[in-house]
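Please read the structure below before turning to the comments.
We use all heavy atoms of the structure for the numbers below, so side chains are in, but hydrogens, waters and symmetry mates are not.
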Amino acid sequence: MREARAARELFWADAEARLLDPAVAHVIRDSKTPSGTVPVSSLRGPIITDALYRTFRRRGLRVRFVYTIDDYDPMDSQTMRQNEATREHMGKPFATIPSPDPAYAGDWADYHAGRFVATFADLGIRPEFFRMRDLYRDGKLDRAIDLVLRHAETIRGIHARVANVHHEEGWLPISMICERCGRIGTTIATGYDGETVAYECRPDYVTWADGCGNRGRLSPFKGASKLLWNEQWCAQWDYFGVTYEEGGKDLLTAGGSRERSNEIYRAVWRREPPAGLMHEFFLLGGRKMSTSKGIGASAHDMVALLPGEIIRFLMLRTPPRRALEFDPAGNTLPKLYDEYDRCADEYLRDPETDLAKAWWLAQLSADAQPIAFRLRFSLLADWLQIPSVDPHREARARKGSSLSELEDRELRRRLDVARSWLERWAPDEATFGIATDLPPLTLTDPQRAYLRGVAKLVGVIADPEAMQEELYEAAKRVGLVTPEGKVSKDAFAALYSALIGKPNGPRAGWLLTALDAPFVRKRLEDAAAA
RNA sequence: GGGCCAGUAGCUCAGCGGUAGAGCAGGGGACUCUUAAUCCCUUUGUCGUGGGUUCGAAUCCCUCCUGGCUCACCA
């Protein structure tokens, strides 16, 4: 009873660790097909896998983390077909398609995989990388190819039964690379004799690419062919000895691709397929995204913009099986930071709670500790908008002493993110920029007189403190005082309304002296006349 | 049609067996060596529906409703 309850309440990563036998060595694997620019959403898999890897190790398991670049797969994306430059390459392996930028990488696959994998370093993900083209060309998968060809009938039956895909008799579960046109997605192979197979590059074999009609007979080994998706998956499991592999729900759903591969693995390789949880998708933003300016939805843009811990935290604080809706617009980032800080506090209180583990797994290294003094993201965003505030000085004042090196670094990074946020994502109510046009106003006569009086000071008094002093005096002169003789709120409210469109704001003396004097004078006079 | 997930305060969500919570929004107040957007106080809930288990259910089990996503070609 107690046992059952403990199991149910286990943190997701710990629950997965329990599936693995501590007596044997393990391999956890993830992969990516470099078909084009990779969106942020694709980072959820690698980050979850890395979190599991870290958890497994912490719990004393012996484990390797293997990452494969599936760059021998054929180009089949419809968007590439619409593109004039890439149309002729439909059906070829990504590894043999020209690079969009030869200065950066030699071919299509290396270009896109390179840009994606480059983000891993900033995210603290350090797997062993393998390119499928190397495995094929070096003959590492030849044993698997031979195995698959000899069991073609079994595999054909599984495809028919589990996936309801019916291949013609004699069909072999590999794709030969056509010697004439270089396409791999358009060929059908038959007649394995133990050394060679016959193939035909058919014009109408698939809808997304046109074969050239060539026929031939070739050895399928040493990179001349590629296993089909499901069988290649099995071959990778077998070659690396994979014991754990999580995946997205597009693949892991019932009757889906993973189930097919599992069945083939059991039937042909006679091994038990890896365990692995299913993760839900990461959804980016609402419909208004497209109209927003310059929102970087690609993985490398996002990683350039946000610190690695924050991206990891974003991906990990929501349990994998739950969908993750993310839109950087609005108050998402301030809330994300608040939650991050809350989890850091939890970690200091009790590192074994779920929230604490989310924080720990978000860190780039396993031995990171929360920093003692930090400032709320939303507060920093406010500071950045107030001319009189120097965030670094203000931070020292808050702390009561100078910041440590780590604290200072964290402050700078938060300020950077806050600047980006204010610039492109912050909602109107979080910003208090100067209104570009005169805001709608309802002012009393004394307030109008006050604005006219202040307008005369602008450009004359340059010192913010002196200006602040004079603002009070000017208010008294026009009678904007309370019955107790104090300066009324209405005085400052008039100023803020005219400049910001809200009844309050940053200290007025600093605000007025920081802005362009002729602009302020005109604005105040316009407001007084309105 | 199969599968996964969600439905808790106006909004975003946390809680996952022991008297309903947070942030934001809303309301009230404080700050004149001098308005930070700071600080203090505060309202709001048939916890989607109907059953069941239990001394006790937002929490566990089943039914149903609603919404989102995904698979059923290829990779």
Side-chain angles (χ1 to χ4, degrees), chain A residues 4-5 8-9 31-33 35 70 72-78 91 93-94 162-166 175 184-185 205-209 226-233 248-261 277-283 317-325 327 330-332 334-339 341-343 354-355 376 378-389 394 398 427 429-432 465-473 475-476 481-482 484-489 491-493 495-496 500 502-511:
Chain A
R5 188 161 66 202
R8 194 165 62 239
E9 288 175 356
S31 67
K32 183 71 202 156
T33 303
S35 52
D70 294 349
Y72 230 40
D73 292 1
M75 165 95 82
D76 64 353
S77 134
Q78 276 307 322
F94 292 112
V162 182
N164 200 29
V165 179
H166 299 274
S175 299
I184 194 168
Y205 188 56
V206 291
T207 56
W208 36 269
K226 187 190 98 69
L227 292 162
L228 296 185
W229 166 250
N230 287 289
E231 291 72 32
Q232 173 174 291
W233 210 343
K249 78 155 158 191
D250 51 336
L251 302 179
L252 292 218
T253 191
S257 191
R258 175 68 171 266
E259 214 170 85
R260 231 172 300 153
S261 288
L277 62 77
M278 181 189 89
H279 72 79
E280 261 278 2
F281 283 167
F282 176 100
L283 309 163
R317 66 167 175 158
T318 303
R321 64 173 54 254
R322 297 251 301 256
L324 206 171
E325 186 93 34
D327 184 346
N331 280 317
T332 304
K335 285 164 74 176
L336 184 61
Y337 264 98
D338 281 353
E339 230 171 304
D341 288 343
R342 185 173 139 231
C343 289
D354 288 6
L355 293 180
R376 231 181 133 187
S378 54
L379 181 62
L380 295 179
D382 290 342
W383 284 0
L384 284 172
Q385 299 179 84
I386 302 168
S388 59
V389 167
E394 203 62 39
R398 283 244 166 179
E429 60 268 24
T431 61
F432 40 90
E465 284 190 50
M467 175 64 87
Q468 186 76 19
E469 194 82 29
E470 277 307 313
L471 290 177
Y472 278 91
E473 294 309 315
K476 289 173 187 165
V481 288
T482 62
E484 298 86 49
K486 297 174 176 182
V487 169
S488 161
K489 296 183 158 188
F492 286 92
L495 284 175
Y496 294 123
I500 302 173
K502 302 177 188 183
N504 42 32
R507 295 178 72 180
W510 278 259
L511 184 65

Rounded [atom1] spacing from [N] to [M] in Å:
N     : M     : atom1 : answer
B:A9  : B:U34 : P     : 42 Å
B:C39 : B:G52 : P     : 49 Å
B:A58 : B:A20 : C1'   : 8 Å
B:A25 : B:U63 : C1'   : 37 Å
B:U59 : B:G18 : P     : 11 Å
B:G56 : B:U43 : C1'   : 29 Å
B:U70 : B:G17 : P     : 32 Å
B:C61 : B:C74 : P     : 37 Å

Rounded distance (Å) that lies between atom [atom2] of [N] and atom [atom1] of [X]:
X        : N     : atom1 : atom2 : result
A:Asn230 : B:C74 : CG    : P     : 9 Å
A:Leu324 : B:A14 : CG    : P     : 11 Å
A:Asp250 : B:U70 : CG    : P     : 9 Å
A:Leu336 : B:A14 : CG    : C1'   : 15 Å
A:Lys335 : B:A25 : NZ    : P     : 11 Å
A:Asp76  : B:C73 : CG    : C1'   : 11 Å
A:Arg258 : B:U70 : CZ    : P     : 20 Å
A:Leu379 : B:C24 : CG    : P     : 12 Å

Quick one: [atom1] on [X] to [atom2] on [Y], what's the gap to the nearest 0.5 Å?
X        : Y        : atom1 : atom2 : result
A:Lys335 : A:Arg342 : NZ    : CZ    : 12.0 Å
A:Leu324 : A:His279 : CG    : NE2   : 11.0 Å
A:Asp70  : A:Ser31  : CG    : OG    : 4.5 Å
A:Trp229 : A:Ser261 : CH2   : OG    : 7.5 Å
A:Glu394 : A:Leu379 : CD    : CG    : 8.0 Å

Exercise. How would you list, by chain and number, every residue that makes a salt bridge (charged side-chain N to carboxylate O under 4.0 Å, His left out) with A:Asp73, sequence neighbours excluded?
Worked result: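 Partners of A:Asp73 by the salt bridge (charged side-chain N to carboxylate O under 4.0 Å, His left out) criterion, ordered by chain and then number, come out as A:Lys226.
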
What I'd like to find out is whether the side chain of [X] reaches to under 4.5 Å of the side chain of [Y], using heavy atoms alone.
X        : Y        : result
A:Leu251 : A:Trp233 : yes
A:Arg321 : A:Leu277 : no
A:Phe282 : A:Thr318 : no

Identify whether any heavy atom of [X] sits under 4.0 Å from a base atom; if not, whether one sits that close to sugar-phosphate; answer base, sugar-phosphate or nothing.
X        : answer
A:Asp73  : sugar-phosphate
A:Arg376 : sugar-phosphate
A:Tyr472 : base
A:Ser257 : base
A:Leu251 : base
A:Val206 : nothing

For this session: Could you say whether A:Val165 or A:Met278 is positioned toward the 5' end of RNA chain B, judged by the nucleotide with the nearest heavy atom to each?
Result: A:Met278

Just compare [options] and give me whichever is closest to any side-chain atom of [X].
X        : options             : answer
A:Arg322 : B:C74, B:A14, B:G68 : B:A14
A:Glu280 : B:A75, B:G68, B:C71 : B:G68
A:Trp208 : B:U70, B:A75, B:C74 : B:C74
A:Lys249 : B:G2, B:C69, B:A75  : B:C69

For this session: Let me have RNA chain B in dot-bracket notation, would you? Count Watson-Crick plus G-U wobble pairs, both distances under 3.5 Å, and use [ ] for pairs crossing earlier ones and | for inter-strand partners.
Result: ((((((((.[[[[.)..(..]]]].(((((.......))))).....[.[[[..)....]]].])))))))....

